[in-house]
Q: 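Pasting in a structure now, in structure tokens, and then I'll have a few things to ask.
Naming convention: chains lettered A, B, ... in sequence-line order (proteins, then strands); numbering from 1 in each chain.
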Amino acid sequence: MRLKRTVTCGQLTGENVNQEVILNGWIAKNRDHGGVIFLDLRDRYGKTQVTFNPDIDADMAARAKRLGMEDVIAIKGTVQARPEGNVNSNMPTGGIEVIVSDLEVLNEAQPLPFLVSDRESGSEDLRLEYRYLELRTEELQRFMALRSKTYQSARSRLNEEGFMEFETPVLMKSTPEGARDYLVPSRIHKGRFYALPQSPQTYKQLLMISGYDKYFQIVKCFRDEDLRADRQPEFTQIDIEMSFVDQDDVLSLATRLTRGMFKDILDYDLPETFPTMEYKDAMETYGSDKPDIRFEMPLVEFAQYAEKTDFGVFKDNLAAGGRVKALVLKNAADKYSRKIVDGLTEWLRTYYGLKGLAFVKLDQSAFSAGISKFFSPELQSEIIGDLKLEHNDMLFFVSDNEAKTLQALGALRLELAKRENLIQPGVVKPLFVLDFPLLDWDEDSKRYIAMHHPFTSPNPEDAALMDTDPGNVRARAYDLVINGYEVAGGSIRIHTREMQSRMFELIGMDEEEAQARFGFLLKAFKFGAPPHGGIAFGFDRLIMILAGTENIRDVIAFPKTTSASSLMDEAPSNVDEQQLRELHIKLVE
RNA sequence: GGGAUCGUAGUUCAGCUUGGUUAGAACGCCGGCCUGUCAAGCCGGAGGUCGCCGGUUCGAUCCCGGUCGGUCCCGCCA
């Protein structure tokens, strides 16, 4: 190219008047007045107005007339202050313009599928097909820059803390515990497969055994499970592991790292220590293991009142071992007409399989509407007193088995908060959820499975329960939750051969199977494994929160759709018969 | 695996409820006019397999069934 930029499109101001500059960039907008022509030239640093005036250079103006949106050009010109009354105070460069004396058209663009100036001008599938164009939009450029800054922040903080950065294999052994693996067939070993890591879990534990007591890695992980707004099949973790530590050491490191990133990126001050909550309390009070504590509205135990009502549904469910819990919506009963409550009920029925949603409204000092007739006046007074209810409050009741009751009411809590705007924008509320159960009963296979993963250490206080009541053993596992998102999770690991065997036994894995799957790790434990533990941050989710978006695709340069395909390059795709032959693979059907 | 929802010019949408002549608007695109705009303006033009397949009907963008694709959720995600 003939004209190489001397400045970017975001940096010229009144200070640069009379300087001769060269700008390179894309045409964001052209405004052709017949005579004078204005182009907004854009690069990732900003936009600058460049002006062609036929009185000054008729030939140049004639050439500019033919230019269109998103053409790539280079211009040489002189910076000038804009005439009085023509300053655009909305742009950092709005006080100046560049009067063009030379133009080089680097590449023309054909008509666009959507406007780069307006991300909403195309549907999401169209934008994903032309992701490279969407990445030119102001919003995505901002998100990608924020992501880049966050990598740097994490790296420098962890470096300051004395952590070593590693890379671990992407082609690894399949360990079919947990998520479904993405498999990679081996050409050399007929019928065998590598797996892409769900996380580098075993490698980082091996590195602890090797003596690298502070490890980190910013690493892609792969899980072949269904997607969500905050879940992609390949995603990035800040993976951390430390030796000679207990839970508090890991939590305080995670706190320092998180605080550092929010400070570096948003200049936002998180508290020096994050609040903690037991898993059990999170479930009971928020109906979720990742509670959003940006607003109150706790789930209230209601069984003791339900017993005293004449409402059959509550009594039947309690008798069957189920639950009754309630939610108090303050001073909004007048906004919840029959129709709106029916809508909420339908929504809970559809998404959470709930049979019904009961409610009462507070009219002065008595229940009205809904199921109020099932409450005696005495019971009403008792409840109003206990729950400090006031006129125009509303009580929602959910009753079902325990899991459904908590989940559905937790979801309703979030939905009501959204409708009532209870969440202040810009607020960030982190907390650690602790004391997760070690094991989870799996109905399908009629056995316990590891809730976190099978290397998670039980809480030593519950050691005795491992024989008598394994379902109630707590793990030394923890999650960092921010604004209702699980942002990080980890645990103190088992580091002795004996405890690891005991764990495998509890999840119904016999010695032979354990050897086949994790023999290499069990062997390593015999050679001096230090006590260790760690945590892994869901990097993409962290960026979502920093960026203030609710869609993980917004913070990944080339994301996949809900069906795990890439609309731009059309992956996954068919492959040649020859490729399959080399891999010893035959397609069925 | 299941549920909900969307699919109409290049694009974003309206029209469909109650089937019927020529499927509209805006932005973009093309042409013309226009010398200070920054959502530039004015005039004109081109542009449609109403996602696809089937059914009902004299007749389907519209009703029904299926299918494909997007999104959201449940299950799943150690």
Q: Rounded off to whole Å, could you give me the OH-to-P distance for the Y182(A) and rC76(B) pair?
A: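 So the OH-P distance, Y182(A) to rC76(B), works out to 18 Å.
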Q: For rG69(B), take OP1 and OP2 only and decide whether either is under 4.0 Å from a side-chain N or O of T561(A).
A: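 Result: no.
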Q: To the nearest angstrom, how far is M451(A) atom CE from rC76(B) atom P?
A: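 So the CE-P distance, M451(A) to rC76(B), works out to 11 Å.
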Q: Compare every heavy atom of L67(A) with every heavy atom of L39(A), then report the nearest pair and how far apart it is.
A: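 For L39(A) versus L67(A), the nearest heavy atoms are CD1-CD1, 3.8 Å.
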Q: Contact class for K65(A) (heavy atom, under 4.0 Å): base, sugar-phosphate, or nothing?
A: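 Base contact.
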Q: Ignoring hydrogens and angles, are the base of rC76(B) and the side chain of R231(A) linked by a donor-acceptor pair under 3.5 Å?
A: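 A donor-acceptor contact between them is present.
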Q: Under 4.0 Å, counting only non-hydrogen atoms across every strand here, what does T175(A) touch: a base, just sugar-phosphate, or nothing?
A: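 Contact class for T175(A): none.
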Q: Should rC33(B) form a Watson-Crick or G-U wobble pair with both distances under 3.5 Å, which nucleotide is its partner?
A: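 By the stated definition (distances under 3.5 Å), rG41(B) pairs with rC33(B).
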Q: Between rC72(B), rG36(B), rG70(B), spot the one nearest the side chain of R553(A), thanks.
A: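 My answer, after comparing the listed nucleotides, is rC72(B).
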Q: Looking at S117(A), does any N or O in its side chain come under 4.0 Å of the phosphate oxygens OP1/OP2 on rG28(B)?
A: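 S117(A) to rG28(B) OP1/OP2: no side-chain N or O under 4.0 Å.
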Q: What are the residues of residues 399-417 of chain A, sorted by number, that bring a heavy atom to within less than 4.0 Å of RNA chain B?
A: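 Per residue number, the list reads Q407(A).
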Q: What is the pairing partner of rC27(B), taking Watson-Crick or G-U wobble pairs with both distances under 3.5 Å in any strand?
A: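 Answer to the pairing question: rG10(B), which forms a Watson-Crick or G-U pair with rC27(B).
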Q: Can you tell me how far P of rC74(B) sits from CD of E346(A), to the nearest Å?
A: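 Interatomic distance, CD of E346(A) to P of rC74(B): 16 Å.
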Q: Show the nearest heavy-atom pair for residues Q141(A) and R44(A), with the distance to one decimal.
A: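 Looks like OE1-CB, 2.9 Å.
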Q: Please confirm whether F455(A) and F518(A) have ring centers closer than 6.0 angstrom.
A: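 Judged by ring-centre distance (under 6.0 Å), F455(A) and F518(A) do meet the cut-off.
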Q: Write down the distance separating the P atoms in rU57(B) and rC62(B), rounded off to the nearest Å.
A: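 Nearest-Å result for rU57(B) against rC62(B) at atom P: 16 Å.
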Q: Which part of the nucleic acid, if any, lies within reach of L126(A) when heavy atoms closer than 4.0 Å are counted: base, sugar-phosphate only, or nothing?
A: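 Result for L126(A) = sugar-phosphate.
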Q: Applying the Watson-Crick and G-U wobble criteria at under 3.5 Å, what pairs with rA4(B)? Answer none if nothing qualifies.
A: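 For rA4(B), the partner nucleotide comes out as rU71(B), under the 3.5 Å rule.
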Q: May I ask you to decide if L41(A)'s main-chain N or O and T48(A)'s side chain share a donor-acceptor pair within less than 3.5 Å?
A: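 Looks like no, no N/O pair under 3.5 Å.
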Q: Between rC72(B), rG70(B), rG75(B), spot the one nearest the side chain of Y351(A), thanks.
A: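 Per side-chain heavy atoms of Y351(A), the pick is rC72(B).
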Q: D125(A) or E120(A): which one's nearest nucleotide on RNA chain B is closer to the 5' end?
A: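 Result: E120(A).
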Q: Quick check: any donor-acceptor pair below 3.5 Å linking the side-chain of R127(A) to the base of rG70(B)?
A: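 No pair found.
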Q: Do I545(A) and L542(A) come within less than 4.5 Å of each other through their side chains, counting heavy atoms only?
A: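 No, every pair of side-chain atoms sits at 4.5 Å or beyond.
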Q: For the backbone of I37(A) and the side chain of R31(A), can you confirm whether one donor and one acceptor N or O come within less than 3.5 Å of each other?
A: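 Not at all, since once roles are kept as given, no pair shorter than 3.5 Å links the two residues.
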Q: Check the distance between rG28(B)'s C1' and D71(A)'s CG and give it to me in whole angstrom.
A: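 The answer, rounded to whole Å, is 14 Å.
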Q: Aromatic ring centroids of Y132(A) and F558(A) under 6.0 Å?
A: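 No.
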Q: Can you tell me if the side-chain N/O atoms of S563(A) get under 4.0 Å from OP1 or OP2 in rG69(B)?
A: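 S563(A) to rG69(B) OP1/OP2: no side-chain N or O under 4.0 Å.
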Q: Regarding R228(A), tell me which of base, sugar-phosphate or nothing describes its non-hydrogen contacts under 4.0 Å with the strands shown.
A: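 Answer is base: heavy atoms of R228(A) come under 4.0 Å of a base.
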Q: Could you let me know what rA60(B) is paired to, Watson-Crick or G-U wobble, both distances under 3.5 Å, or none if it's on its own?
A: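 Across all strands, not a single nucleotide pairs with rA60(B).
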Q: Check whether any side-chain nitrogen or oxygen of T562(A) sits under 4.0 Å from OP1 or OP2 of rU71(B), and answer yes or no.
A: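 T562(A) to rU71(B) OP1/OP2: side-chain N or O found under 4.0 Å.
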Q: Using a heavy-atom cut-off of under 4.0 Å over every strand shown, decide if N53(A) touches base, sugar-phosphate, or nothing.
A: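 It contacts base atoms.
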Q: Verify whether the ring centers belonging to F436(A) and Y279(A) lie closer than 6.0 Å.
A: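 For F436(A) and Y279(A), the ring centres are under 6.0 Å apart.
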Q: Can you check each nucleotide of nucleotides 37-42 of chain B against protein heavy atoms at under 4.0 Å and return B for base, S for sugar-phosphate only, - for none, in 5' to 3' order?
A: BBSB--
Q: How long is the line joining CE of M69(A) and C1' of rC27(B), in whole Å?
A: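 Roughly 9 Å, once rounded to whole Å.
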Q: Expressed as a whole number of Å, how far does the P atom of rA14(B) sit from that of rG7(B)?
A: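 It comes out at 7 Å once rounded to the nearest Å.
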Q: Judged by each residue's nearest nucleotide on RNA chain B, which is more toward the 5′ side, G122(A) or I99(A)?
A: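 The answer here is G122(A).
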Q: Quick one: Q237(A) CD to rC77(B) C1', roughly how many Å, whole number?
A: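 Going from Q237(A) (CD) to rC77(B) (C1'), I get 12 Å.
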Q: Which whole-number value in Å describes the distance from L115(A) CG to rG10(B) P?
A: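 After rounding, the reported distance stands at 15 Å.
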